[in-house]
Amino acid sequence: MRISLTGRNFLTLRDFTPDEIRYLIDFAAALKTKKREGGEKQLLKGKNIILIFEKSSTRTRCAFETAAYDEGAHVTFLSNSQMGKKESLEDTAKVLGRFYDGIEFRGYKQETVEALAEFSGVRVWNGLTDKYHPTQILADMLTIYEQFGSLAGRKLVFVGDARNNMGNSLMIGCAKLGMHFVALAPEELYPDKALTNEMTALAKETGGSVTITSSIEDAVKGADVIYTDVWASMGEEAELEERVKLLRPYQVNAEMIQKTENPNVIFLHCLPAVHDTLTDMGKLAYEKFGLSAMEVTDDVFRAPYSKVFDEAENRMHTIKAVMCATLAQTLQDSDGKPIVD
Ligand code: CP
Ligand code: NVA
C-alpha cells in the first residue's frame with residue numbers, strides 16, 4: 001500500500017493510521033542506516049524550519065536541529081517571542097507561515113500547537129505538550145523494534161505518572177500498533193477515562209490491549225518493556241512532594257525488573273531521568289525525601305538491558321523521518337516500504 005504523508009502535520013499519533021506510523025518507523029530505520037553508510041541525499045534542501053520552545057529541552061531541540069542540518073534545511077531557534085504576549089497566536093502563526101516551511105512547537109497547551117497548524121498554513125510538528133509527546137513514541141517504537149524485531153504483541157508497562165504526555169502517547173502508540181499496554185500507577189494518577197476507553201476499543205481491533213492497574217505484580221509479569229518518566233513533569237514541579245508520596249512504591253528498581261520474569265526485558269525512559277543525586281532534582285530528592293534516586297534506580301538505569309541511549313539517539317532519526325515525510329516527496333517500493341537513496 002502506498003503511503004504519502006506529504007503536506008500532513010504531526011500533532012498527535014491519534015491522527016495517524018497504524019500503517020502510517022509503521023511507515024514512519026521504517027523510514028527512520030532506513031535513514032539511520034543511510035546516515036551510518038554516508039551519502040545521505042538531502043531531502044530538505046532550501047527549506048526553512050523554526051523551532052519554538054516554551055519549555056526546556058535537550059534531546060528534542062538537538063534532534064530537530066541535527067536532523068534538519070543533515071537534510072540541508074536551515075533552522076531558527078525561538079524561545080522568547082511576542083507570541084501570546086503582545087501578539088495573538090493567530091497573528092504569529094500567519095507571520096511564521098510566510099517565512100518558514102515547517103514549525104516545531106514545544107510548550108504547555110496542545111491547543112497552541114493545533115492553532116499554529118490551523119493558522120500558519122505550513123507543516124507543524126509537536127515537540128511535546130502537556131497532553132502528548134508523539135515524536136518520542138516513534139523513537140521508543142524504533143528502539144523496541146531494534147531490540148525484538150517486532151512490535152505487535154509486545155507488552156509495554158508504563159510505570160508512574162500515567163495521566164501525562166508520556167502515558168497518553170504510549171497508550172495511543174501501543175494501541176495503534178497492536179501492542180499490550182499497561183499503565184502501572186496509583187489510582188490518583190490513572191489516565192483519562194475517555195482516552196482509555198477509546199484506546200481499549202482500538203486495541204481490540206489491532207490485536208493489542210490496554211490495562212490500567214496499581215498492582216505491581218499483575219502489571220509487570222511477562223513485560224517486554226518497562227518504561228518510566230519523571231515523577232513531576234515540566235510545569236508541575238510544585239507537586240513534587242505529593243508525587244513522591246504517591247510514586248515512591250512505583251520506583252523502577254531491580255526487584256521490579258525481576259518480577260517481569262522475562263530475561264529479555266528492556267528498560268526505556270524518555271529522559272531526562274533522575275537516577276542519582278548528581279542533578280538539582282536529584283539533590284532535592286535526597287535532601288528533602290532521603291531518596292538516592294527518583295523514578296528509576298541507578299543500577300537499573302545503567303544495566304545492560306537499559307536501552308535509554310539507543311532510544312535517545314533514535315529521537316534524531318525518527319524526527320528526521322517526520323520532517324522529511326511531511327515536507328518532501330519520499331520514495332517507496334511496490335510494497336510501500338520507504339526507500340532512502
Ligand atoms: N525526551 C525529551 O523530549 O527530552 P528533552 O526534554 O531533552 O527534549
Ligand atoms: N513528562 C515529561 C517528559 C519529558 C520528555 C515532561 O513533560 O516533563
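Just so it is clear, the structure is predicted and the values come from calculations on it, not from any experiment. Whatever order the structure lists them in is the order used to number ligands and atoms, beginning at 1.
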Colleague: Under 3.5 Å, is there a donor-acceptor pair linking the side chains of N314 and K307?
Modeller: no
Colleague: Geometry only, no angles: is P272 polar-contacting ligand 2 at N/O separations under 3.5 Å?
Modeller: no
Colleague: Less than 3.5 Å apart, any donor N or O on the side chain of D299 or T297 sitting next to an acceptor on the other?
Modeller: yes
Colleague: Side chains of W125 and T326: any donor to acceptor distance under 3.5 Å?
Modeller: yes
Colleague: If you measure from each heavy atom of L271 to ligand 2, is any distance below 4.0 Å?
Modeller: yes
Colleague: Tell me: protein heavy atom nearest atom 7 (O) of ligand 2, and distance?
Modeller: N165 ND2, 2.9 Å
Colleague: Could you tell me, atom by atom, which parts of ligand 2 come under 4.0 Å of a heavy atom of D229?
Modeller: 1 (N), 2 (C), 3 (C)
Colleague: According to side-chain hydrogen bond (donor to acceptor under 3.5 Å, both in side chains), does anything in residues 58-68 pair up with another residue at least two apart or in another chain? List the pairs.
Modeller: T60-R106, T60-R315, R61-E65, E65-Y69
Colleague: Can we call the ring centroids of F158 and F181 under 6.0 Å apart?
Modeller: no
Colleague: What residue and heavy atom of the protein are closest to atom 8 (O) of ligand 2, and at what distance?
Modeller: M234 N, 2.8 Å
Colleague: Salt-bridged, E239 to R243, with N to O below 4.0 Å?
Modeller: yes
Colleague: Examine R106 against ligand 2 and note whether any of their N/O atoms are separated by less than 3.5 Å.
Modeller: no
Colleague: Please check whether K55 reaches ligand 2 - meaning an N/O of the residue sits under 3.5 Å from an N/O of the ligand, judged on distance alone.
Modeller: no
Colleague: Quick check on ligand 1: any N or O pairs to the protein under 3.5 Å? One line per pair.
Modeller:
unit_1, atom_1, unit_2, atom_2, d
ligand 1, 1 (N), Q136, OE1, 2.9
ligand 1, 1 (N), C270, O, 2.9
ligand 1, 1 (N), L271, O, 2.8
ligand 1, 1 (N), R315, NH1, 3.2
ligand 1, 3 (O), T60, OG1, 3.0
ligand 1, 3 (O), R106, NH2, 2.8
ligand 1, 3 (O), H133, NE2, 2.9
ligand 1, 3 (O), R315, NH1, 3.1
ligand 1, 4 (O), R59, NE, 2.8
ligand 1, 4 (O), L271, O, 3.4
ligand 1, 6 (O), R106, NH1, 2.8
ligand 1, 7 (O), T58, N, 2.7
ligand 1, 7 (O), R59, N, 2.8
ligand 1, 7 (O), R59, NE, 3.2
ligand 1, 7 (O), R59, NH2, 3.0
ligand 1, 8 (O), S57, OG, 2.6
ligand 1, 8 (O), R59, N, 3.4
ligand 1, 8 (O), T60, N, 2.8
ligand 1, 8 (O), T60, OG1, 2.7
ligand 1, 8 (O), R106, NH1, 3.4
ligand 1, 8 (O), R106, NH2, 3.2

Colleague: Is D91 paired with K94 through a side-chain N to carboxylate O contact shorter than 4.0 Å?
Modeller: no
Colleague: Give the atom numbers and elements of ligand 2 that come within less than 4.0 Å of a heavy atom of L128.
Modeller: 3 (C), 4 (C), 5 (C), 7 (O)
Colleague: Please name all residues satisfying side chain to side chain contact (heavy atoms under 4.5 Å, CB included) with D101, sequence neighbours left out, ordered by chain then number.
Modeller: K47, N48, L327
Colleague: Hey, does the Lys NZ or Arg CZ of R8 hover above the aromatic six-ring of F16, less than 6.0 Å from the centre and inside 45° of the axis?
Modeller: yes
Colleague: Show every donor-acceptor pair shorter than 3.5 Å between a side-chain atom in residues 250-257 and any protein atom, with sequence neighbours excluded, or say none if there are none.
Modeller:
unit_1, atom_1, unit_2, atom_2, d
Y250, OH, S214, O, 2.8
Q251, NE2, A293, O, 3.3
Q251, NE2, M294, O, 2.9
N253, OD1, E255, N, 3.3
N253, OD1, M256, N, 2.9

